[in-house]
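Have a look at the structure below, then the notes.
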Amino acid sequence: MKKLNGESMNIVDENIAKLKELFPDVFSEGKIDFEVLEATLGKYIDNNSERYNFNWNGKSTARRIAQTSSNGTLRPCKIESKDWDSTQNLYIEGDNLEVLKLLQKSYHKKVKMIYIDPPYNTGKDFVYKDNFRDNIKNYMQITGQVDSDGNRLSTNSETNGRYHSDWLNMMYPRLKLARNLLKDDGVIFISIDDNEVANLRKLCDEIFGEDNFVSQMPWQARQSIQNDTDLSSSHEYIVAYAKLRRQTNRRLKESNKQLWYQEKSFACYPIPLYKSKFSNPDNDPRGLWKADPFDAPNIRPNLTYPIANPNTNESHMPPNGRCWRTEEKNYKEWLSDNRIIFGKTGEGRPQLKVFYEEKKEFGSVSNTWLDGNTYGTATKGTKLLQTLFQNAPFDTPKPIELIQQLMLIGSRENDLILDFFSGSATTAHAVMKLNSEDDGNRKFICVQLPETTDEKSEAFKAGYKNICEIGKERIRRAGELVKKENAKDLTKVVELDIGFKVFKLDSSNIKAWDGNFENLEQNLLNSVDNIKSDRTNEDLLYEILLKYGLDLTLPMDELDINGKKVFSIGYGSLVVCLDDEITLETVEGIAKLKDESNEFMRVVFKDSGFEDSYIKTNAIEILKQHGIDEVKSV
């Protein structure tokens with residue numbers, strides 16, 4: 001019976017496997033022959049000592065950190081969760097570097113959109129250093145806000161000689177790991193300000209590829225004027241990158257004609273159209289419509305011609321530097337089809353009638369300028385927290401209108417959204433709010449380091465000892481507020497997912513082998529039962545799900561088979577029994593589950609759960625006879 005590997009996904013092994021699939025001829029006796037690889041890549045090899053690249057102190061270590069596996073786990077915490085048995089949402093407490101490593105198998109290419117609001121590196125925020133050898137231990141120190149000598153950790157001050165390098169070393173491995181979780185058509189949005197926007201762009205160009213840059217959107221974070229600076233900075237940025245940006249065609253049917261549009265398909269969707277912006281003043285049988293400009297950017301000779309207003313006989317040419325949006329032949333067809341109007345009075349320039357029913361599938365392109373009136377400001381985000389908590393326990397939260405806009409651009413109704421710098425859990429709030437508005441079923445994963453709150457802060461005075469306590473309470477209150485706002489629609493209230501499962505980062509539930517010969521006898525005794533004494537079967541169960549790469553919200557049934565507790569996960573795709581003194585009668589009962597479902601099934605036992613080696617050997621044979629070939633132990 002094979003044992004489960006206690007590590008998270010090995011990214012290096014995965015990359016080697018992909019390389020071997022693409023270039024099998026560059027491998028010799030399992031190793032890469034770089035001379036053959038160079039010959040294969042040909043002109044794409046750059047051997048010049050001087051070339052364009054982005055480097056900083058510690059980059060090689062940051063790259064290695066991104067490639068190392070994690071020996072940690074995520075322990076379930078039902079008591080702090082909401083709607084544990086039904087929710088599809090996750091709230092994870094822990095160092096996001098380790099958490100991202102642990103999610104590599106279970107959520108590989110499953111996330112449609114990532115939004116993060118990382119530290120801006122202003123000299124006042126907390127930027128922590130990662131420990132290449134033992135980041136779980138490092139995390140335990142960080143959560144106490146003290147270093148190994150008991151000294152309180154400080155902010156990343158500008159007086160630090162490697163001020164920017166420290167920030168880049170923190171961001172590089174996290175973005176590298178995050179990219180693996182994105183679907184091929186996924187997109188990441190990152191909030192940032194002037195302090196690190198230039199470095200962030202270079203970092204993302206390297207990790208995501210500069211061809212996959214989508215936009216650097218200014219967001220009007222403040223509408224008031226700050227008089228204590230040379231220039232009052234009123235904006236921040238949302239930097240957007242796609243995982244794979246590619247060209248595609250789309251087709252829009254209009255009557256019996258087909259118009260082709262070229263568009264960039266890079267994971268960002270057009271914004272859904274709102275019926276309130278359409279009307280039908282002329283009772284057109286095709287329904288609601290709105291008038292769009294008939295001119296388009298640039299100048300093309302075949303799209304530049306005079307158009308006469310049939311009501312006034314006045315001749316119109318495209319505005320300076322522009323052209324009409326179609327050729328004259330198509331214009332005449334649209335005019336005869338009552339698709340061209342000349343303003344509200346009929347005396348203006350030509351406009352195109354755009355019908356709601358024809359365009360609702362495609363929506364409208366989003367604007368890169370995110371103004372505060374439409375998408376909220378930092379002040380609006382704070383006021384919403386004050387509404388929920390009476391006084392805001394968190395500084396500078398983002399407004400949910402901003403995050404909702406990004407979700408409309410970057411996701412659809414059933415997508416998974418990840419935020420691994422969760423802060424006050426604005427992303428979770430925005431997911432629930434948007435789902436209530438468009439009947440969506442988006443799911444969220446929020447990850448947050450449980451940084452302790454300052455003893456002088458309002459949050460600490462209100463009883464919140466760390467940021468995670470604020471985030472979890474915000475989701476609870478926000479969910480109830482969303483339900484209250486939709487109280488008249490009972491069906492919607494019932495279907496809305498306003499719950500979340502809480503998991504907490506910790507060291508593995510399985511004891512590591514200690515090779516200290518001075519304690520050999522004790523170590524041998526400990527290895528008989530290799531599960532840590534303070535861990536529950538449920539703790540171990542979710543570690544098994546992570547190692548197998550299964551979704552942490554999969555449906556789970558708890559069965560009693562011959563007096564032993566058996567978990568059936570994902571409708572029987574994985575069956576786990578972690579009880580002691582397992583008998584062959586229990587094994588037979590598990591085997592019958594396979595007969596009933598006739599689906600692929602894997603079975604996991606606790607290594608010390610069998611009474612003796614005879615029962616363990618026979619258990620494997622019994623399960624094989626029923627078509628269960630994958631049997632493992634922990």
**Complete:** CD of Glu596 to CE of Met601, rounded to nearest 0.5 Å, is 8.5 Å

**Prompt:** Taking it one step at a time, do Ser508 and Asn71 satisfy side-chain hydrogen bond (donor to acceptor under 3.5 Å, both in side chains)?
**Reply:** CA-CA 6 Å; Ser508 174; Asn71 291 312; over 6 Å; no

**Prompt:** Relative to the ring of Trp84, is the ring of Phe503 parallel (under 30°), tilted (30 to 60°) or perpendicular (over 60°)?
**Reply:** tilted

**Asked** Out of Gln404, Glu485, Glu401, which one pairs with Lys433 under the side-chain hydrogen bond (donor to acceptor under 3.5 Å, both in side chains) rule?
**Response** Glu485

**Item:** Validation row: Lys547, Leu102 side chains within 4.5 angstrom (heavy atoms)
**Value:** yes

**Prompt:** Can you tell me how far the CG atom of Asn486 sits from the CD1 atom of Ile498, to the nearest 0.5 Å?
**Reply:** 10.5 Å

**Fill in**
Only residue of Thr377, Asp371, Thr379, Asn373 satisfying side-chain hydrogen bond (donor to acceptor under 3.5 Å, both in side chains) with Gln223 is Asn373

**Item:** Nearest-0.5 Å distance, CG of residue Asp579 to NZ of residue Lys606
**Value:** 7.5 Å

**Item:** Axial cation check for Tyr91 ring with Lys501, 6.0 Å and 45° limits
**Value:** no

**Request:** Could you tell me whether Glu98 and Lys101 have a side-chain N and a carboxylate O separated by less than 4.0 Å?
**Result:** yes

**Message:** Could you measure the distance from the CG atom of Leu408 to the CD1 atom of Ile403? Nearest 0.5 Å is fine.
**Reply:** 11.5 Å

**Message:** Atom NZ of residue position Lys483 - does it have more than 12 heavy atoms of other residues, nucleotides or ligands inside 6.0 Å?
**Reply:** no

**Message:** Between Leu545 and Val576, is there a side-chain heavy-atom distance shorter than 4.5 Å?
**Reply:** no

**Item:** NZ or CZ of Arg174 within 45° of Phe420 ring axis and under 6.0 Å
**Value:** no

**Request:** For the residue pair Ile475 and Lys472, establish whether any side-chain heavy-atom pair is separated by less than 4.5 Å.
**Result:** no

**Prompt:** About how many Å separate CG of Leu496 and OG1 of Thr491, when rounded to the nearest 0.5 Å?
**Reply:** 11.0 Å

**Asked** With a 4.5 Å heavy-atom cut-off, do Thr87 and Thr553 have their side chains touching?
**Response** no

**Request:** Show your reasoning for whether side-chain hydrogen bond (donor to acceptor under 3.5 Å, both in side chains) applies to Gln88 and Asp497.
**Result:** CA-CA 7 Å; Gln88 297 290 299; Asp497 185 354; 6.0 Å; no

**Request:** Taking only Lys NZ, Arg NE, NH1 and NH2, and the carboxylate oxygens of Asp or Glu, determine whether Lys532 and Asp539 approach each other closer than 4.0 Å.
**Result:** no

**Request:** Before accepting this row, confirm whether a basic side-chain N of the pair Glu543/Arg75 lies closer than 4.0 Å to the acidic partner's carboxylate O.
**Result:** no

**Complete:** When rounded to the nearest 0.5 Å, the distance separating CD1 of Ile188 from CG of Leu406 is 11.5 Å

